[in-house]
Amino acid sequence: MIVVSHRGPYSFTRNPDGGFDARRGAGGVVSALSPLLARLGDDERALWVAAAIGDGDRAAVRAGAASAPGIDLALLDLDEVQHRLHYDVVSNSVLWFLHHGLFDLPRRPRFDARAREAWDAYVAVNAGFAECIAERARPGEVVLVQDYQLALVPGMLRERRPDVPVVHFTHTPFCGPSSIRVLPDHMAQALCRSMASGPAGFHTRRWAAAFAASAREVLGPGAGDTTFAASFGPDLDDLRATAASAETAAATADLDDLLGDRLMIFRTDRIEPSKNIVRGFAAYDLLLEEHPEWRGRVVFVASIYPSRQGLAEYLAYANEVDRAAARVNERWSTGDWQPVVVDAEDAFARSVAGLLRYDALLVNPIKDGLNLVAKEGPALNRRGGVLCLSREAGAYDEMGDGALAVHPYDLVQTAGALHEALSMPAGERDRRAALLAERAVARTPAMWLDDQLARAGGPAGA
Ligand code: G6P
């Protein structure tokens, strides 16, 4: 089996001894797949093809040191300029914004000559991946291509290697038929044609249906009917091992010192516009305004860390997040109580400590393919914590009936959900927490992988 994703399972940095340290990559695909693939026996050993991202990865590739435990790793050393246009411009500023509904349409996007050049780079990078896989795939070997950065790979690979079964899986939402028309025709056609050329998976039926409708809009009737929905949940063994680690124990002790017997609202996210962090703080501000009883009795701990800092929108959003947190603190802090505590350290153990300890977990994205935190939290939490979950997160389909629904744009409603979460009687909290804990692990990474392999075996149906 060959797994293909833009970001690899490990990132490499040079260490002082001249060797390389490997650190597990970020994101849901990596956390779901790497423990699973690393556990496969030697005869089933998977090849993972990804891009070398950053100087450390590139140096490791050139030194022949980019290797990972239990997995054969091929990191592509791409042309740096092309790669930047592929990643920063098309993948993150166009496709991510399109699928998460983030465009401010009167102003953006603008498909000028530079955007055409960026699109050519996107095509070239996808072709580089397809080329590498075509060379390395054994006859009939299944290829599982992940996500929007590589949406052209399935079509390109089918042309080069018709013998190889290819499945594409998108971890983000997919935009609907009116939004796909925002893209220039050649882009919309290329993306839809490639993804519709075989099984195309999504975390929920909703995103699968949106893709199918977009494909019909762009390509005509019948297109996009090879979609399927298959979600995953956390790798429980892996999560429990982190929960039992010394790093998590230290982070838990820090939290205990910080909180004492106060209640805790928690969130953990990469700082990006789709996560809706600013509105989360604004809703908390409203909660403190309307419910004075919570002042001094609750702390909102936000474990939020930088993402995609090559993009101006992300840097600007990170500033807005800082200001929104500071505003709440300026308004409500007292001598012995700080209402918002931002933890900017990107350490999984610190997030896990928060997930074990929360009384309310706020997951309020504008849109999200799945949102693994919405499952990791209930799988780990030990306090009957309440999940406040955006209806726009893919995970809502599975977790919604145990969660409190959050309308991501409605601050009054969100503040109300936080209030309800903090005031919920113990019996009701426990009932919901037990239901959510069960749901969180009902779909394992292994089931998700099997669903893709099953689709690879024959024609897929919705
Ligand atoms: C999240 C999304 C994935 C996406 C990844 C990319 O994890 O769920 O769909 O592939 O972000 O993140 P990156 O940091 O590589 O741009």
Side-chain angles (χ1 to χ4, degrees), residues 1-9 11 25-34 36-37 46-53 74-76 78 83 86-100 102 121-123 125-130 132-133 142-157 166-175 180 183 187 190-192 194-204 207-208 210-211 214-215 227-232 270 272 274 307-308 311 365 367-372 393-395 445 448-449 451-452 455-456:
M1 163 180 33
I2 301 183
V3 172
V4 192
S5 65
H6 173 257
R7 188 174 289 278
S11 66
V29 186
V30 166
S31 20
L33 269 180
S34 24
L36 193 65
L37 298 187
L47 168 67
W48 194 318
V49 181
I53 300 175
L75 291 188
L76 299 186
L78 299 161
H83 190 192
H86 157 272
Y87 181 66
D88 282 347
V89 182
V90 177
S91 299
N92 291 338
S93 301
V94 177
L95 298 180
W96 182 273
F97 274 59
L98 178 74
H99 294 319
H100 290 83
L102 301 177
Y122 181 86
V123 175
V125 166
N126 274 256
F129 270 87
C132 166
I133 305 158
V142 174
V143 180
L144 306 179
V145 182
Q146 309 297 309
D147 245 342
Y148 58 96
Q149 305 94 342
L150 303 175
L152 301 181
V153 170
M156 290 171 164
L157 193 54
V166 188
V167 179
H168 186 268
F169 195 95
T170 301
H171 295 265
T172 60
F174 200 92
C175 72
I180 194 83
L183 290 181
M187 292 187 196
L191 293 168
C192 290
S194 168
M195 287 175 63
S197 66
F202 298 84
H203 280 295
T204 72
W207 311 140
F211 167 67
S214 290
T227 59
F228 66 97
S231 76
F232 59 47
R270 311 201 303 177
E272 48 185 57
S274 63
S307 166
R308 302 181 190 158
L311 294 185
K367 258 192 181 41
D368 224 328
L370 178 72
N371 196 298
L372 199 55
W448 171 72
L449 187 62
D451 281 346
Q452 287 175 86
R455 298 289 162 162

[X]: partners by side chain to side chain donor-acceptor pair (under 3.5 Å), with sequence neighbours left out:
X    : answer
S307 : E272
Y148 : R308
H171 : Q146, H203
S5   : W48

Less than 4.5 Å apart, any side-chain heavy atom of [X] and any of [Y]?
X    : Y    : answer
V153 : V166 : no
V49  : V143 : no
L311 : S93  : yes

Going through the checks in order, is the side-chain contact (heavy atoms from CB on, under 4.5 Å) test met by V167 and F228?
-> CA-CA 10 Å; V167 179; F228 66 97; 3.8 Å; yes
Kindly write out the residues that satisfy side-chain contact (heavy atoms from CB on, under 4.5 Å) with [X], not counting sequence neighbours, or none if the list is empty.
X    : answer
A395 : L370, A374, M399
S194 : L152, P154
A196 : F211, L219
P173 : H100, W207, K367

Residue pair M156 / A130: nearest heavy atoms and the distance that separates them |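 Result for this residue pair: CB-CB, 3.7 Å.
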Closest non-hydrogen atom pair, R455 against P199 |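 In this case the closest contact between R455 and P199 is O-CG, 3.7 Å.
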Set of residues satisfying salt bridge (Lys or Arg N to Asp or Glu O under 4.0 Å) with respect to D147, sequence neighbours excluded =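 Scan of D147 (salt bridge (Lys or Arg N to Asp or Glu O under 4.0 Å), adjacent residues dropped) gives none.
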Has the side chain of S214 got a donor or acceptor atom that lies under 3.5 Å from a matching backbone atom of C192?
->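 Checking the backbone N and O of C192 against the side chain of S214, no donor-acceptor pair under 3.5 Å is found.
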Between T172 and G369, is there a donor-acceptor pair closer than 3.5 Å when you use the side chain of the first and the backbone of the second?
->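 No.
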[atom2] on [Y] to [atom1] on [X], rounded to 0.5 Å:
X    : Y    : atom1 : atom2 : answer
D368 : H99  : CG    : NE2   : 13.5 Å
C132 : L78  : SG    : CG    : 9.5 Å
L75  : I53  : CG    : CD1   : 8.5 Å
T227 : F174 : OG1   : CZ    : 11.0 Å
L150 : M195 : CG    : CE    : 11.0 Å
S197 : L157 : OG    : CG    : 9.5 Å

Partner set under ring pair (Phe, Tyr, Trp, His ring centres under 6.0 Å) for Y87, not counting sequence neighbours |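 Partners of Y87 by the ring pair (Phe, Tyr, Trp, His ring centres under 6.0 Å) criterion, ordered by chain and then number, come out as H6.
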Start with the C-alpha distance between L76 and V125, add both sets of side-chain angles, then the distance that settles side-chain contact (heavy atoms from CB on, under 4.5 Å), and finish with yes or no.
-> CA-CA 10 Å; L76 299 186; V125 166; over 6 Å; no
Among F232, F202, W448, whose ring-ring contact (aromatic ring centres under 6.0 Å, His included) with F169 holds?
->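 The ring-ring contact (aromatic ring centres under 6.0 Å, His included) with F169 is passed solely by W448 among F232, F202, W448.
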